[in-house]
Amino acid sequence: MTNARAMMTFSLTPLTDRLIAVSLLSVWTLFVLFQLWGFWPPDLAAIYIAGHLWQTGQTELIYAAPPGFFGGPADSWLPVIYELGGRTELETAFPYVYPPLWAVLTAPLTPHLGFNAFSNLVALVQMPLLSASVLLAARLFRPANLPLAGWSLAAVCVLFFSLQSLMAIVHNQPTVTVIFLILLCFDRLDRGQDRVAGAVLALAAAIKLWPVAFAVILLLDRRWRALAAFALAGAALGLLSIVLAGWPMHRAFLDMLGLVKEAGLLSVANISLVPVIMTGAMILGLADPVDFTNKIVVFRDVPVWLGPLLLALGAAYFVALSQRLRQWPAPDRRAMLVFALSILVPLFGPLGWSHYYLLPLFMLPGLVARLPKREMLGFALGAALISIEDIASPITDQPVAAAVYTLVGCAFWLWVLWRLYRYAGEAGRQPA
């Protein structure tokens, strides 16, 4: 009886809890670095090739893309890929869709550092940052009833088995650094380091534009120093990019972004409402039919009003959620809004790449652990269904199955947003 009672009262000490969490993440980091060593990541290749093109004076090719943007590299990139060591179908590159600044800064490295060495170096930085992101997400949103070891175990399962993690790792995606910087911004904000928080968020937005959306949280919280640091650091990075690369390169960058927004990609790697709506419109005869026998299905006739409409709907939800959170303590309110925005941006945006959803997947245990036990299983099964790589990979080249998968993925994240809104307004509920 004594042993049974002791087992019932057993709990991890804070030190043991942290040691287990860090050990789990360290093992994963070492494992994935071993797997990635010498690997050719196509998304990262785009940055290296852009730097190589800048270094060799072929700047007109930096923003080259295939017709309609999707489907691999532009024909003009193929000789460059071969020159840099790409020999197989997997050793390729996707179009460069980053600000010119990163091509210019990468350029001096390319004569001295081959792509494999460059990729290994970036992996040595990014994979530990991915593990650190798990711990930062825990500091923002982990409830008291969930040990850090349990939080990290859930994240390690995501990192090992999810499509979202696979896409980030296989491509050595800069999104990894962006996710870390977003979480670091709000961690620093919780600790009163407003200027650091703003500058960190500006750096994230200089890599990929979508982190700009998170500045809205700084505005709602009236963290004027953080906002000023965000604006000043962002302006400095933008000015540096224009000085180094020139305005014509930025014009080409904006044109590339416009090309992306004009189309809707149907793919298991793109969980966005745009292809779901376009598929439904096609079935109802409201949109031009597309060939579902192709491996890559792209809707070319996306209405110009669809993007602004989805933006307005996402903004309306965000405003409604923020109103429900007005009386919450500031750190808890910010964490809820970060979680919500990390879903809204890809789901209601033109592209919802799988790796964007690593951020909400890292934070999802914080919501699930706060819900009644009867709901936990449903969310766990839903997350598994839309995440497990072995479910998604076999249907990558099957557009009809991919359409179903995309619909299920969108439905799941809408369900999370709805439950987040309900939780924010439940009577008597206190943040844990």
Side-chain angles (χ1 to χ4, degrees), residues 28-29 31-52 62 65-66 69-74 77 80-81 84-99 102-103 106 114-131 133 158-182 204 207-211 256 260 265 267-272 295-296 345-346 349-359 361-362 387-389 392-393 396-397 402 409:
W28 175 82
T29 303
F31 174 83
V32 78
L33 282 173
F34 177 78
Q35 295 291 315
L36 270 184
W37 207 254
F39 187 77
W40 180 292
D43 275 357
L44 186 65
I47 296 176
Y48 185 89
I49 289 172
H52 171 79
I62 289 177
F69 179 79
F70 301 104
W77 273 37
V80 182
I81 293 171
L84 296 176
R87 295 292 185 272
T88 70
E89 195 174 294
L90 295 177
E91 293 175 340
T92 184
F94 294 114
Y96 179 76
V97 286
Y98 304 91
W102 307 110
T106 304
F115 178 60
N116 280 339
F118 176 77
S119 175
N120 292 339
L121 180 62
V122 174
L124 281 172
V125 174
Q126 288 216 119
M127 296 308 110
L129 289 185
L130 197 51
S131 290
S133 296
V158 168
L159 291 170
F160 266 119
F161 303 115
S162 74
L163 174 68
Q164 291 80 2
S165 175
L166 178 71
M167 294 293 290
I169 293 166
V170 166
H171 292 282
N172 210 341
Q173 244 292 331
T175 296
V176 169
T177 297
V178 168
I179 288 173
F180 171 80
L181 292 173
I182 290 171
I207 300 172
K208 296 215 171 192
L209 296 183
W210 58 271
M256 176 73 87
V260 173
L265 173 68
S267 167
V268 296
N270 180 34
I271 305 302
S272 165
K295 289 185 178 180
I296 298 177
V345 169
L351 281 174
W353 292 124
S354 289
H355 42 82
Y356 291 176
Y357 288 97
L358 271 179
L359 177 49
L361 280 173
F362 286 161
S387 299
I388 293 178
E389 188 265 332
S393 289
T396 299
D397 296 331

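Quantities reported herein were computed from a predicted structural model and do not represent experimental measurements. In this chain, numbering begins with 1 at the start of the sequence shown.
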In this structure, NZ of Lys208 is separated from OG1 of Thr177 (nearest 0.5 Å) by 10.5 Å
If you round to the nearest 0.5 Å, how far is CG of Leu181 from CG of Leu129? 7.5 Å
Spacing of CZ belonging to Phe118 relative to OG1 belonging to Thr106, to within rounding of 0.5 Å: 4.5 Å
May I ask you to test the Leu44-Tyr48 pair for a side-chain heavy-atom distance under 4.5 Å? no
Would a distance-only check, ignoring hydrogens and angles, find a side-chain to backbone donor-acceptor pair under 3.5 Å from Tyr356 to Val345? no
Of all the heavy-atom pairs spanning Ala65 and Met256, show the shortest one and how long it is. CB-CE, 3.9 Å
Stepwise side-chain contact (heavy atoms from CB on, under 4.5 Å) test for Leu159 and Phe31: CA-CA 11 Å; Leu159 291 170; Phe31 174 83; over 6 Å; no
Side-chain contact test, heavy atoms from C-beta onward, threshold under 4.5 Å: evaluate it for Met127 versus Ile169 and give yes or no. yes
Over all atoms of both residues, closest heavy-atom pair of Glu91 and Ile81: O-CG2, 3.5 Å
Nearest-0.5 Å distance that lies between atom CG in Asn116 and atom CZ in Phe39: 10.5 Å
Close side-chain approach of Leu358 and Leu130, heavy atoms under 4.5 Å: yes
Please report the shortest heavy-atom distance between Pro42 and Trp40, naming the atom on each side. CD-O, 3.4 Å
Could you label the plane-to-plane angle of the Trp353 and His355 rings as parallel, tilted or perpendicular, counting under 30° as parallel and over 60° as perpendicular? parallel
Treating Gln173 as the side-chain partner and Asp43 as the backbone partner, does any N or O pair qualify as donor plus acceptor under 3.5 Å? no
For the residue pair Ser354 and Pro346, establish whether any side-chain heavy-atom pair is separated by less than 4.5 Å. no
Look at the side chain of Ser119 and the backbone N and O of Phe115, then say whether any donor-acceptor pair between them is shorter than 3.5 Å. no
Could you tell me whether the side chain of Asn120 and the main chain of Gly38 form a donor-acceptor pair under 3.5 Å? yes
What's the shortest heavy-atom distance between Ile182 and Trp210, and which atoms? CD1-CZ3, 3.6 Å
Report the residues that fulfil side chain to side chain donor-acceptor pair (under 3.5 Å) with His52, sequence neighbours left out, ordered by chain and then residue number. none
Below 4.5 Å, heavy atoms only, C-beta onward: do Pro211 and Val178 meet side chain to side chain? yes
Does the Ser272 side chain pair with the main chain of Gly349, one donor and one acceptor, at a distance under 3.5 Å? yes
So if I apply the side chain to side chain contact (heavy atoms under 4.5 Å, CB included) rule between Leu124 and each of Leu33, Leu36, Thr29, which one comes out positive? Leu33
I'd like to check Ile47 versus Tyr96 (side-chain heavy atoms, cut-off strictly below 4.5 Å). Are they in contact? yes
Check whether Asn270 reaches the backbone of Leu265 with its side chain - one donor and one acceptor, N or O, closer than 3.5 Å. yes
Just wondering, do Gln126 and Asn172 contact through their side chains at under 4.5 Å, heavy atoms? yes
Taking the side chain as every heavy atom from C-beta outward, state whether Trp77 and Thr92 have any atom pair closer than 4.5 Å. no
Quick one: closest heavy-atom pair of Pro128 and Ala123, and the distance? CD-O, 3.7 Å
Parallel, tilted or perpendicular: rings of Phe94 and His171 (30°, 60°): tilted
Output all residues satisfying ring pair (Phe, Tyr, Trp, His ring centres under 6.0 Å) with Phe70, sequence neighbours left out; order by chain, then residue number. none
Of the non-hydrogen atoms in Val158 and Phe362, which two are nearest, and what is the gap between them? CG1-CE2, 4.4 Å
For Tyr357 and Ile271, indicate whether the former's side chain and the latter's backbone hold a donor-acceptor pair under 3.5 Å. yes
